[in-house]
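Input: a single structure, listed below in structure tokens.
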Amino acid sequence: WPILAKRFEKKKRIEREKIRQEKYKKYLEDMKQVILEECHHKSEILHENHVPLPIVLDRVKKRKRNLWERVIGQDDFLKVRLGLGDLPLEADIKFPDKKFTIDEDNLQDELFELAETPQILKKVPVTLSLYEEKVCGIIGDRKEVIDFVKGLILQLATLHSYDELKFVFVYEKKEQKDWKFVKWLPHVWNDD
């Protein structure tokens, strides 16, 4: 009888462990899916809030109502899109602390592997906040720099109202033809 009881207990432990393994692995898969969905959601928000230059310019051409939509106090005030890149997910994902244990547990190892895996948003808009970064510089081939800065100016002029943002342009006389368009922006003080 004691031998049968031990076999029964061992069989019950094995069955319980099998159920624990299956349920926890399912739980981990569900959590991975939640994290992936959050990455997708954050990516969509970034793409919606920081649209490419052709879409920004389309707002002007079609006189859409979301012209000059950004105002002081909003998180995206004076934020410009620089391009696309990979960014870490900004989310507070909580995991239990790693603690010392004598027993090996493959499920705990899988949990900590998930916790230590960086969550990266792929090909999302990379932005620069001119509100936070008061001074910045752009270096490179002069023609490319001028084209890039024109794109930044057009983003700023299209997304921000002239009563909340003013431009001052200082440039060399020889580049006047590159910058003559700015005098038509309502964000400048005057034609000078």
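We count residues from 1, following the sequence as given.
Distance check: Glu132 CD to Lys134 NZ gives 8.0 Å after rounding to the nearest 0.5 Å. Annotation: the span from Asp30 atom CG to Ile35 atom CD1 amounts to 11.5 Å, rounded to 0.5 Å. Interatomic distance, Lys32 NZ to Thr117 OG1, rounded to the nearest 0.5 Å: 8.0 Å.
For Phe112, the CZ atom is densely surrounded, since the number of other residues' heavy atoms within 6.0 Å is greater than 12. Open room surrounds NZ on Lys180; 12 or fewer heavy atoms of other groups in view lie less than 6.0 Å from it. Remark: Glu90 CD is loosely packed, at most 12 non-hydrogen atoms of other residues, nucleotides or ligands lying under 6.0 Å away. Other residues, nucleotides and ligands place more than 12 heavy atoms under 6.0 Å from the NZ atom of Lys166. Within 6.0 Å of CZ on Phe181 lie more than 12 heavy atoms contributed by other residues, nucleotides or ligands. Within 6.0 Å of CD on Glu104 lie no more than 12 heavy atoms contributed by other residues, nucleotides or ligands. In the displayed structure, Phe95 atom CZ is contacted under 6.0 Å by more than 12 heavy atoms of other residues, nucleotides or ligands.
Residues Pro118 and Leu89 form no side-chain contact, since every pair of their non-hydrogen atoms from C-beta on lies 4.5 Å or further apart. The shortest distance between side-chain heavy atoms of Val80 and Thr127 does not fall below 4.5 Å. Side-chain contact check for Leu111 versus Leu107: every heavy-atom pair is 4.5 Å or farther apart. Residues Glu69 and Arg59 are in side-chain contact: their nearest non-hydrogen atoms beyond the backbone lie under 4.5 Å apart. Within the 4.5 Å cutoff, the side chain of His47 has heavy atoms near those of the Leu84 side chain. The side-chain heavy atoms of Lys183 and Phe169, taken from C-beta on, include no pair separated by under 4.5 Å. Between Leu57 and Pro54 there is no side-chain heavy-atom pair separated by less than 4.5 Å. Two residues are said to be in side-chain contact when any heavy atoms from C-beta on lie closer than 4.5 Å; Tyr131 and Lys79 fail this criterion.
The aromatic rings of Phe167 and His187 are tilted relative to each other, their planes meeting at an angle between 30° and 60°.
Taken together through direct or relayed side-chain contacts under 4.5 Å among Ile, Leu, Val, Met, Phe, Trp and Tyr, Tyr171 and Leu154 form part of one hydrophobic cluster. Grouping the Ile, Leu, Val, Met, Phe, Trp and Tyr side chains by contacts below 4.5 angstrom, directly or via other members, places Val182 with Leu53. Clustering ILVMFWY residues whenever any of their side-chain heavy atoms sit less than 4.5 angstrom apart, transitively, puts Tyr24 in the very cluster that holds Met31.
A side-chain donor from one of Glu44 and His40 sits under 3.5 Å from a side-chain acceptor of the other.
The closest donor-acceptor contact from the side chain of Glu164 to the backbone of Ile72 lies under 3.5 Å. Under a 3.5 Å cut-off, the side chain of Gln155 and the backbone N or O of Arg81 do form a donor-acceptor pair.
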Notebook entry, point to check: What do the steps show when you test Asp163 against Ser161 for side chain to side chain donor-acceptor pair (under 3.5 Å), and what is the final call?
Noted result: CA-CA 5 Å; Asp163 61 345; Ser161 170; 2.2 Å; yes
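For the side chain to side chain donor-acceptor pair (under 3.5 Å) with Arg70, the qualifying choice from Thr158, Asp76, Asp75 is Asp76, the only one to do so. Of the candidates Glu29, Gln21, Lys23, Lys25 forms a side-chain contact (heavy atoms from CB on, under 4.5 Å) with just one, namely Gln21.
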